[in-house]
Amino acid sequence: MEKKKILVTGGAGYIGSHTVVELHEAGYEPVIIDNFSNSKESALDGITAITGQQFRCYRVDCTNAAAMREVFEQEPGLEGVIHFAAYKAVGESVEKPLEYYHNNVGSLVALLQVMREFNVTNLVFSSSCTVYGIPENLPVTEQTPVQKANSPYGNTKKICEEILSDVAQSASTLRSIALRYFNPIGAHPSAKIGELPLGVPNNLVPFITQTAAGIREQLTIFGEDYDTADGTCVRDYVHVVDLAKAHVTAVERLLEAKGDKIEFFNVGTGSGNTVLEAVQAFERATGVKVNYKVGPRRAGDVPKIYADVTKATEVLGFRTNSTLEEAMKSAWDWQLSLQDSVTNV
Ligand code: UDP
C-alpha cells in the first residue's frame, strides 16, 4: 500500500525531527520543509541514521507562498501538514516583535492559503501552554481560559490559534488540531537527533547539559522566591519522543475525520517539577553534578504551570513513556554525542 504523505514544516528542528522519525515508524512518508534559520542540516543526517531513509527536504521559507506553492506542486497527494516552522525564543520576541509576527503568523497564513489551493485539508499546529498566561487554577485543562500573552512569541501562538478557529467557523474544509506543548525535553534514544540550540541556550535542559559538559560555566536558576515547594518555578517536562508521537496520533485523528473542525489538546505529562527538581533529576540520572547558582527572576516567567492531559490521553491515546530522569539521561546522551562538534558552542 502506498504510504500517506505528510508535509512537516520545520522538520529539521527539535520537535520536527523527532516527529519525522515517528511518522516514518508509523508507516507515513514525511516530506520536510525547513529554511534552516534555527536548525542544521545535520539533523537530516540524524534522521537518516535512525530510519535508513532520506526524506525529501525543501529549503523553503514558509512565509513565501510562491515557494510553498512550488513544493505542493512537486508533492502531489499530500494528506496533511504538521506546521512546526516558527521562531520560539520568548526573550528574542520582545526585542524583535515584527520578525516574530511576520514569521510565525505570516507562515501560517501563507500555508493555509496554499493548502486551500491544493485542497489539503488536515493540519496539526504547534501551539504552546503559553496561551494560558498565568493560570489561576492548576492543572490547566483545555477549558482553562486563554489569556493575554506575556510576550510577542506567546501572542503569535494565541493569534495563530484564533486564525485556525476563524477558519473553522467559515465554510473552509480545513480540519485542524492545535497541540499545546508544555516543556519538551530529552532526545531520541539513539542520540542521533536532539535539541540543537544555536548559541547560548535559552531553555533549561540544554543549559543544564552544556554546563555539565563544561561548555557553560554555570547555570543560573532564575528565582527561588516563588510560591512553590522549593521557591523555583514549576514546569511540566515532557519527553520529546512522547510529544512527537502525539503528532502522529493527531494526524491519524484528522485522517479519520473524527472530532470537530478544530480541536485543542494539552501535551505534557500531567505533573509539575520545580527547576531544582529538574536539576536534581539530571544529576541522579547521569551521576554528573551541575554547577549552578540562584539568580534573580527572569522577566515574563510564569511561576507555575502543568497540564491536565486527560483529553489527550482519552482522545489521542497519549501516554508518557518515560520518567523525568530518563528524559534527562537521553538529553545527556545527546549532549555527549555532540561533544566533538564545535558548532554547538
Ligand atoms: N530556567 C532557569 N535557568 C535557565 C533557563 C531556564 O532557571 O538558564 C528556568 C526558567 O525560569 C523556567 C524553567 O527553567 O522556570 C523552564 O524554562 P525554559 O526556558 O526551558 O522554558 P519555558 O517554561 O520558559 O518555556
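Since we're looking at a predicted model, the values are computed, not measured. Along the sequence shown, the residues carry numbers beginning at 1. Counting convention: from 1, in listed order, for ligands and their atoms alike.
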Open item on the list: So is Phe182 touching ligand 1 or not, going by heavy atoms under 4.0 Å?
Closed with: no

Where is the nearest protein heavy atom to [atom]: which residue, which atom, and how far?
atom: atom 3 (N) of ligand 1; answer: Thr220 O, 2.7 Å
atom: atom 12 (C) of ligand 1; answer: Arg235 NH2, 3.9 Å
atom: atom 20 (O) of ligand 1; answer: Leu204 N, 2.9 Å
atom: atom 25 (O) of ligand 1; answer: Asn183 ND2, 3.9 Å
atom: atom 24 (O) of ligand 1; answer: Arg298 NH2, 2.9 Å
atom: atom 15 (O) of ligand 1; answer: Cys233 CB, 3.0 Å
atom: atom 11 (O) of ligand 1; answer: Asp301 OD2, 2.5 Å
atom: atom 9 (C) of ligand 1; answer: Val275 CG2, 3.8 Å

Task: Main-chain N/O of Thr232 paired with Asp230 side-chain donor or acceptor, under 3.5 Å - done: yes

- [ ] For Thr320 and Asp242, test the side chains for any donor-to-acceptor distance below 3.5 angstrom and give the result as yes or no.
- [x] no

TODO: Verify whether one side chain among Asn291 and Thr211 offers a donor that lies under 3.5 Å from an acceptor in the other.
DONE: no

Task: Side-chain cluster (under 4.5 Å, hydrophobic types only) that Tyr100 belongs to, other residues - done: Tyr87, Val90, Tyr153

- [ ] Using the six-membered ring of Phe265, assess whether NZ or CZ of Lys311 lies under 6.0 Å from its centre and within 45 degrees of the ring axis.
- [x] yes

Open item on the list: A cation-pi test, strictly: NZ or CZ of Arg297 under 6.0 Å from the centre of the six-membered ring of Tyr226 and no more than 45 degrees from its axis. Yes or no?
Closed with: yes

TODO: Would you mind checking if Glu117 and Arg69 are paired as a salt bridge, meaning a charged N to carboxylate O distance below 4.0 Å?
DONE: yes

TODO: Indicate yes or no: does Glu263 engage Arg175 in a salt bridge with an N to O separation below 4.0 Å.
DONE: no

Task: Atom indices of ligand 1, in the order listed, that fall short of 4.0 Å to a heavy atom of Ile221 - done: 7 (O)

- [ ] Can you sort out which atoms of ligand 1 are near Asn202, meaning under 4.0 Å from one of its heavy atoms?
- [x] 5 (C), 19 (O)

Open item on the list: Out of Phe222, Phe207, Tyr237, Tyr226, who is nearest to atom 4 (C) of ligand 1 when you count heavy atoms only?
Closed with: Phe222

